[in-house]
Amino acid sequence: MSLSTVSPLDISSLAAALCRHPIAPALIAVYVAYRMWPSKPRRSSKLPRSQERVVILGASGGMGRSLALKYAQEGARVCIFARRELELSHVAEECREAGPKTASTEDGERVLVVRGDFTVVEDMVNLRSKVHEAWGGLDTLIVNAGVPTFRPFCELSGLEAKGRTFTPAEPDAAAIERAVQVVDKVTKTNYLGPVVSAATFIPSLSSSMAPSIVLMASLAAVLPAPTLSLYNGSKAAALAFYQSLAIENPWITFTSVLPSTVRGEEFFGNAADGGKVRGQDPESYGLSHDEVVSGVLDAVDRGQTTVWMPSRGRTAFFLYWLFPGFITKVARKRYGYPAAD
């Protein structure tokens, strides 16, 4: 969430609030001390990229494709998985072209292509079998898939809202059912898919000397925004689930990536609720694919548990808990949502 739209008055109010809450500077000091603490050895010192076995879910386009190309370029063995067969074949060819031409094939195929849906158990078990057959296991699982929503929640039940006045006054059973259908679609992709992925592959990571799971989450998982309620909720559920898994499985490094808006993402035109992006055009301020991909690979190598992109997203998160009204005002401006009555 960008703070570029905040007025000088907002900044003055924030400064005054910080003066009234001396705990804020203390928290900042603790964070700085934490960042200065000596870091642990990089993962690549134990597992060179040329030996890494990477499975990327949702790799037929967008960020999944960009991650696959980068891993292939750096010599890793890459398995790409998605529903769209034609697009997968194109990404596979790109990965083969991007990979080192002198790479050895003694350890199996460098680029695996498996078609399927990560919410379908049978498809995921088939993917696991293919990976075991080709490589004997995996080192890195990247869970990258998501479907957005862009309409205020009450609109899904056919309501038009003006402040606290609704037209019609209440939704009927059929209208609520239509809203529930959208909820099911969003939850299936954004939450059930990551759950099935974890259930399928956590045991398989035991063959790795440096096992890692990457959840491509979103800043929306920790910062609420108008028109994104279902997306916020489903992404938050997946993030909390993976954070709990990290406690249950300390032998795996779990990395949760929390990017803000990313430019050039296909999903802007594929909202589960049929809505369109409101407010500022994402192409005018979002992160680039290269920024996110570089951040992901570096975070996995460093063993980071949470990656904020951009880093000011972390600041916005803390500000929300200290001064929720301030961040709420920023969110309303960003998404072109009416001010509170």
Is there a donor-acceptor pair closer than 3.5 Å between any side-chain N or O of Arg110 and the backbone N or O of Val78? no
Without swapping roles, check the side chain of Arg49 against the backbone of Glu74 for a donor-acceptor pair under 3.5 Å. no
For the atom pair CG (Asn190) and CG (Leu230), what is the distance rounded to the nearest 0.5 Å? 9.5 Å
Using modelled atom types and a 3.5 Å cut-off, is there a donor and acceptor pairing between side-chain atoms of Tyr242 and backbone atoms of Thr255? no
For the pair Asp273 (side chain) and Phe150 (backbone), establish whether a donor and an acceptor sit closer than 3.5 Å, ignoring hydrogens and angles. yes
Should the pair Phe317 and Trp308 be assigned to parallel (<30°), tilted (30 to 60°) or perpendicular (>60°) ring geometry? tilted
Heavy-atom closest contact (Gly116 atom, Phe81 atom, distance): C-CZ, 3.3 Å
Does a side chain donor of either Gln243 or Ser256 reach within less than 3.5 Å of an acceptor in the other side chain? no
How long is the span from the CG atom in Leu127 to the CZ atom in Phe118, to the nearest 0.5 Å? 12.0 Å
Between Val196 and Leu138, is there a shared hydrophobic cluster once you connect ILVMFWY residues whose side-chain heavy atoms come closer than 4.5 Å? yes
To the nearest 0.5 Å, atom CZ of Phe201 lies from atom CG of Leu141 at 6.5 Å
How long is the gap from CD1 on Ile80 to CG on Leu57, to the nearest 0.5 Å? 11.5 Å
Look at the side-chain heavy atoms of Ile, Leu, Val, Met, Phe, Trp and Tyr, link any pair under 4.5 Å apart, and say whether Val113 and Tyr71 land in one connected group. yes
May I ask you to test the Val222-Leu239 pair for a side-chain heavy-atom distance under 4.5 Å? yes
Counting N and O atoms only, with roles assigned by atom type, does the side chain of Thr189 sit under 3.5 Å from a partner on the main chain of Val186, one being a donor and the other an acceptor? no
Looking at Ser129 and Val125, would you say the former's side chain and the latter's main chain have a donor-acceptor pair under 3.5 Å? yes
Common cluster, Val330/Leu223, ILVMFWY with side-chain heavy-atom separation under 4.5 Å: yes
Quick one: does any side-chain atom of Asn126 pair with a main-chain N or O of Glu122 as donor and acceptor, under 3.5 Å? no
Mind jotting down which residue pairs meet the salt bridge (Lys or Arg N to Asp or Glu O under 4.0 Å) criterion with at least one end in residues 139-152? Sequence neighbours excluded, please. Arg53-Asp139, Arg151-Glu155
State whether the number of non-hydrogen atoms from other residues, nucleotides or ligands found under 6.0 Å of Trp321 atom CH2 is greater than 12. no
Given 3.5 Å as the limit, does a donor-acceptor pair link the side chain of Asn232 with the main chain of Ala220, or not? yes
Ignoring hydrogens and geometry beyond distance, is a side-chain donor-acceptor pair present between Thr140 and Arg43 at under 3.5 Å? yes
With sequence neighbours excluded, residues passing salt bridge (Lys or Arg N to Asp or Glu O under 4.0 Å) with Asp184: none
Considering only heavy atoms from C-beta outward, does the side chain of Met124 approach that of Val121 to under 4.5 Å? no
Which residues pass the salt bridge (Lys or Arg N to Asp or Glu O under 4.0 Å) test with Arg115, not counting sequence neighbours? none
Of Arg83, Glu87, Arg84, Arg65, which meets side-chain hydrogen bond (donor to acceptor under 3.5 Å, both in side chains) against Ser60? Arg84
Is a side-chain N or O of Ser208 found less than 3.5 angstrom from the main chain of Leu205, in a donor-acceptor match? no
Do Ile252 and Met209 share a hydrophobic cluster, counting only Ile, Leu, Val, Met, Phe, Trp and Tyr and linking them when any side-chain heavy atoms are less than 4.5 Å apart? no
The test is side-chain contact (heavy atoms from CB on, under 4.5 Å); show your working for Gln304 and Asp298 and say whether it passes. CA-CA 9 Å; Gln304 290 180 244; Asp298 183 65; 4.3 Å; yes
Interatomic distance, Cys79 atom SG to Arg128 atom CZ [nearest 0.5 angstrom]: 13.5 Å
Quickly, which of Leu67, Leu297, Val54, Val300 forms a side-chain contact (heavy atoms from CB on, under 4.5 Å) with Val214? Name it, please. Val300
Using a strict threshold of under 4.0 Å (side-chain N to carboxylate O), is an ion pair present between Glu133 and Lys130? no
Would you kindly confirm whether Val55 and Leu47 end up in one hydrophobic cluster when ILVMFWY residues are joined by side chain heavy atoms under 4.5 Å apart? no
Give a yes or no on whether the backbone of Arg42 and the side-chain of Asp301 come within a donor-acceptor separation of less than 3.5 Å. no
Straight-line distance of Ile142 CD1 to Met63 CE, nearest 0.5 Å: 11.0 Å
Check the surroundings of atom OH in Tyr320: do more than 12 heavy atoms from other residues, nucleotides or ligands lie under 6.0 Å from it? no
Looking only at side chains, do Asp117 and Thr119 share a donor and an acceptor under 3.5 Å apart? yes
